[in-house]
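Shown next, in structure tokens, is the structure this report addresses.
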Amino acid sequence: MPSFRAPRGTRDLLPAERPAWERLAAIASDLARRYGYASIETPIFEQTAVFERGVGEATDIVEKELFRIQPRSEEAESWALRPEGTAGIVRAYVQHGLHTLPQPVRVQYLGPMFRYDRPQAGRYRQFWQWDVEAIGDPGPAIDAEIVELGHRFYVEAGLPNVKVLLNSIGDGACRPAYVTELTAYFASHRERLPELERSRLATNPLRLLDSKDPEMAALIAAAPRIVDRLCDACRTHFDAVRAHLDALGVPVRLEPSLVRGLDYYTRTAFEFYREGAEGQQQALGGGGRYDGLVQLLGGKPTPGIGFALGLDRVVLALAEERIAAPAPAHPAVFVTGADPADTVSRLRFATDLRHGGICARADLGQRRLSRQLEQAAREGAHFAVILGDELREGLVQLRDLRAASQHPVPLADLAREIERGEQSHRHG
RNA sequence: GUGGCCUUAGCUCAAUCGGCAGAGCAUCGGAUUGUGGAUCCGAUGGUUGCGGGUUCGAGUCCCGCAGGCCACCCCA
């Protein structure tokens, strides 16, 4: 037994699993290019206050899930690993004066996030998100662009039955009155509330709306709905977002109880979920509008909207749907030799081919030829080059491992023959 | 953070009532001095997750801890 293992809630993504991840990263990057979202990268840790202010002090993410970095001295700044991406990006937007760029600033990136949570399948302490943000456009069309982009990712990843839950949670003009009304409603039924919900009523009454307690179902169904209490501006905005999404053909389901767990959201809130999925980790991603966040982090009042998609859950869902991951890359050529001890020749041949742009491997151990060929076949190489006595006449054997045929090739023609064989294989 | 189930070789799993820790796969080698993914033979691989207790004797029973999973909480 090894005495060390990966920390709780973290995983090693081994070579066999990496192609599936790289495929998703490639899809994200290609979508970003086509939709015009530039790449950005921010530190994986920030001043704790960035998250406390940005995400919200009363949220679970900050209250109990923040990975804090132990300060090295009394004067040390307080740091924390990022639990999500938006706060750091908005911090960068303010710090570097990105409001001087043409608005909105469209950015995206893919990277690890950290939450000190109890791990479960599909829920890790280090997990990966694809984060997309558009800062500086009040909407509503940009809202639809963002939602459609997120949905499109699942389409191109090949994951079926991904739907969009959509809601508006109002803004500073209409939400406070709604929260007051909702609190009064639940308080008037206090005796029917389960213990947990009773305590939440004081801290975050909106959360009662997505309680899973069956006792709550009837109460929630009869509760006042934010969508019926929106101010005129929010109402107009929400209707327009829906109209734009309809025009794009995005499958949307209105979900009046969708509230989301971060304080910074205003108006548009959405979640991507898998219809008919087993288990609790059905939320594949989510996002919303955050019109107050830039100001909260020290910038001028600036609207924004974005989403984060959980790649771990997409990988998991693709495996459940038995959608095949791409195979690891096979080498075009595998260099073998009759003399097991002559690693110099094998390595030199492979290196020359590599310098010529060819994907080449060589057996650098001391196996005899039959073992080297076995290795070549198992690694899926198209060709094997066999170095032997023919070298004295300037020839090597070029063996096509798939056709099980071989012929001598002059050294000068080797690279050209391999490239030609690879091309005809690709196109044939 | 709460409750439940689980943990034996790199992986999947055996081990009777508490009585010598095993198999398949994988890895490496041999059968085969310059020709392949098969086959046969062999080898490597274990403080039975960790620590304590009961016992002549613990993989097996008891306690604690860690890790994984499930349901909560919450979220991606």
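Order of the sequence lines sets the chain letters (A, B, ...), proteins ahead of strands, with each chain counted from 1.
Residue A:Gln375 contributes atom CD, which lies 11 Å from atom C1' of B:C28 at whole-angstrom precision. Per the geometry, CZ belonging to A:Arg118 stands 8 Å off P belonging to B:G1, to the nearest Å. The separation between A:Phe334 atom CZ and B:U35 atom C1' is 14 Å, rounded to whole Å. With rounding to whole Å, A:Arg368 atom CZ is found 7 Å from B:G30 atom C1'. Put simply, CD1 on A:Ile61 is 16 Å from C1' on B:G1, counting in whole angstrom units. Nucleotide B:C69 holds its C1' atom 12 Å from the CG atom of A:Leu316, rounded to whole Å.
Shown here, B:C72 forms a base pair with B:G1; the pair counts as Watson-Crick or G-U wobble because both key distances fall under 3.5 Å. Shown here, B:U55 forms no base pair; nothing in the strands shown gives a Watson-Crick or G-U wobble contact with both key distances under 3.5 Å. Under the Watson-Crick or G-U wobble criterion, with both distances below 3.5 Å, B:C40 is paired with B:G30. Of the nucleotides present, B:C13 is the one that pairs with B:G22 by Watson-Crick or G-U wobble criteria, both distances under 3.5 Å. Here B:G64 sits opposite B:C50 as a Watson-Crick or G-U wobble pair (both hydrogen-bonding atom distances under 3.5 Å).
Remark: the A:Glu41 side chain and the A:Ser39 side chain contain no N/O donor-acceptor pair separated by less than 3.5 Å. Residues A:Tyr273 and A:Arg253 bring a donor and an acceptor atom of their side chains to less than 3.5 Å of each other.
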Do A:Arg68 and A:Glu52 pass the salt bridge (Lys or Arg N to Asp or Glu O under 4.0 Å) test, and can you show the C-alpha distance, the side-chain angles, and the key distance before you say yes or no? CA-CA 12 Å; A:Arg68 295 169 191 279; A:Glu52 287 171 343; 3.8 Å; yes
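Residue A:Ala384 is out of contact with every strand shown, counting any heavy-atom pair closer than 4.0 Å. Within 4.0 Å (heavy atoms only), A:Arg125 reaches no atom of the nucleic acid at all. A:Tyr124 comes within 4.0 angstrom of a nucleotide base, judged by non-hydrogen atoms across all strands. In this structure, A:Asp400 reaches the bases: a heavy-atom distance under 4.0 Å links it to at least one base atom across the strands shown. Base engagement by A:Asp389 is indicated by at least one non-hydrogen atom pair under 4.0 Å involving a base atom. Here A:Gln366 lies out of heavy-atom contact (under 4.0 Å) with every strand.
A:Arg125 forms a cation-pi arrangement with A:Tyr116, by the criterion of a distance under 6.0 Å to the ring centre and an angle within 45° of the ring axis.
For A:Gln406 against B:U35, a side-chain-to-base donor-acceptor contact under 3.5 Å is present.
Side chain of A:Arg5, nearest nucleotide from B:G67, B:G3, B:G36: B:G67.
Salt-bridge annotation for A:Glu321 and A:Arg274: present, with a side-chain N of the basic residue lying under 4.0 Å from a carboxylate O of the acidic one.
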